[in-house]
Amino acid sequence: FPMMMKKSHSEKQTRLAVWQPFSNFFMQISSAEIPKAMLSGNGKYAILSNPKTYEPQLQYDAPRDFYIMNLLTGKKKIFLQNKKISPSEPLPVSSPDGKYISYMLQDSCWIYNTISKKHINITRGISENYLPELHNKDSNNMVFMPVGWTRLDKQIVLYDGYDLWTLSPQGSNLERLTHGRKKQIKFRIYEPEDLQGSEKSYDGWISKTISLSEGLMLKASGEDGE
């Protein structure tokens, strides 16, 4: 804590702001009260949070409240409250075109629609309702994690323990792209190290666009690590 106080003085930190020159509209986005900010893929919204709201606590990363701000009007509202942050439940991520924000909550993938302002659990009941043969005792292999979106935010691309899937933002039209589960082969999208990950957006990320029509280069690994 003493080193944190020495290195970070909130009143001296750079803040994010927006200026619209045609209308001469200027507005500060981040603040001392809510210092962390990332933009949506279309630049129409900012997602704001304060990692210290629930400190002190015992986890490595404290939970956060997340706000969404309309950068055309300046209106701000909370859309996730007391959201856990961990490797299995990372920061919310905007879709490339900014229509949706994906996040993990209790082993389910959720979508927040920035237009309708509604949340939907898109992976709830997949194993039971769609593919009951996938259900087993190893819950870690049944968790569907978002990895990217297809063009125009039409489908979200997900990983489970072994395979790649696509799913609509409404939780329908589930399609399995690989078939590694039966032989316990893990398929993942291969990318050079300098191109891995999503696009950085200030204190967060914008999900990458995955072009299924052009084909994907995959890497496969078995349970023996080969």
Side-chain angles (χ1 to χ4, degrees), residues 38-43 47 85-114 120-127 130-131 133-136 138-226:
M38 50 183 158
L39 300 185
S40 62
N42 56 13
I47 298 109
I85 304 297
S86 70
S88 61
E89 296 187 25
L91 294 173
V93 179
S94 170
S95 62
D97 275 18
K99 298 174 184 176
Y100 308 100
I101 299 170
S102 64
Y103 60 95
M104 294 297 296
L105 185 64
Q106 297 178 347
D107 291 340
S108 290
C109 179
W110 288 72
I111 295 294
Y112 176 75
N113 188 315
T114 60
I120 179 172
N121 182 343
I122 62 170
T123 58
R124 180 178 59 186
I126 281 181
S127 60
Y130 286 90
L131 299 164
E133 73 274 12
L134 295 185
H135 186 67
N136 57 44
D138 189 355
S139 61
N140 290 330
N141 284 330
M142 289 307 305
V143 176
F144 289 79
M145 295 284 291
V147 64
W149 290 79
T150 62
R151 188 172 173 271
L152 302 178
D153 292 354
K154 289 185 175 180
Q155 294 175 304
I156 187 170
V157 182
L158 306 163
Y159 285 151
D160 73 355
Y162 296 100
D163 292 306
L164 277 75
W165 304 76
T166 58
L167 190 63
S168 77
Q170 294 75 39
S172 59
N173 301 322
L174 178 72
E175 182 180 357
R176 181 168 18 176
L177 303 181
T178 60
H179 295 270
R181 176 171 292 275
K182 187 175 182 179
K183 295 184 178 180
Q184 295 187 318
I185 297 174
K186 180 187 291 186
F187 287 99
R188 294 295 183 258
I189 298 172
Y190 172 78
E191 294 174 302
E193 290 187 4
D194 58 341
L195 295 178
Q196 286 185 353
S198 301
E199 179 185 347
K200 183 70 173 175
S201 176
Y202 299 98
D203 300 306
W205 303 91
I206 296 172
S207 187
K208 59 189 171 185
T209 299
I210 297 174
S211 178
L212 300 180
S213 61
E214 296 177 1
L216 294 175
M217 183 176 291
L218 303 177
K219 62 179 180 179
S221 58
E223 293 296 309
D224 58 358
E226 298 295 330

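- A cation-pi arrangement, defined by a distance under 6.0 Å to the six-membered ring centre and an angle within 45 degrees of its axis, is absent between Lys208 and Trp149.
- Within the 3.5 Å criterion, the main-chain N or O of Asn173 finds no donor-acceptor partner in the side chain of Ser168.
- Side chain of Asp160 to backbone of Phe144: no donor-acceptor contact under 3.5 angstrom is found.
- Under the side-chain contact (heavy atoms from CB on, under 4.5 Å) rule, Leu164 has a single partner from Leu212, Thr178, Ile210, Leu158, which is Thr178.
- No side-chain heavy atom of Thr114 sits less than 4.5 Å from a side-chain heavy atom of Asn42.
- Using a 4.5 Å heavy-atom threshold, the side chains of Ser102 and Ile156 count as touching.
- Using a 4.5 Å heavy-atom cutoff, the side chains of Met145 and Ser88 are not in contact.
- With contacts defined as side-chain heavy-atom distances shorter than 4.5 Å, the pair Leu91/Ile85 qualifies.
- The closest donor-acceptor contact from the side chain of Ser201 to the backbone of Ile206 lies at 3.5 Å or more, if one exists at all.
- Residues Met104 and Pro90 have side chains in contact (heavy-atom distance under 4.5 Å, counting atoms from C-beta outward).
- Judged by distance alone, the side chain of Lys182 and the main-chain N or O of Gln184 form no donor-acceptor pair under 3.5 Å.
- A side-chain contact (heavy atoms from CB on, under 4.5 Å) with Asp153 holds for exactly one of Ser207, Pro169, Ser94, Pro96; it is Pro96.
- Judged by distance alone, with hydrogens and angles left aside, the side-chain atoms of Lys99 form a donor-acceptor pair with the main-chain N or O of Leu152 at under 3.5 Å.
- Counting heavy atoms from C-beta outward, Trp165 and Leu177 have side chains that stay 4.5 Å or more apart.
- Put simply, the side chain of Asp203 never gets that close to the backbone of Met38: no donor and acceptor are under 3.5 Å apart.
- With contacts defined as side-chain heavy-atom distances shorter than 4.5 Å, the pair Ile101/Val93 does not qualify.
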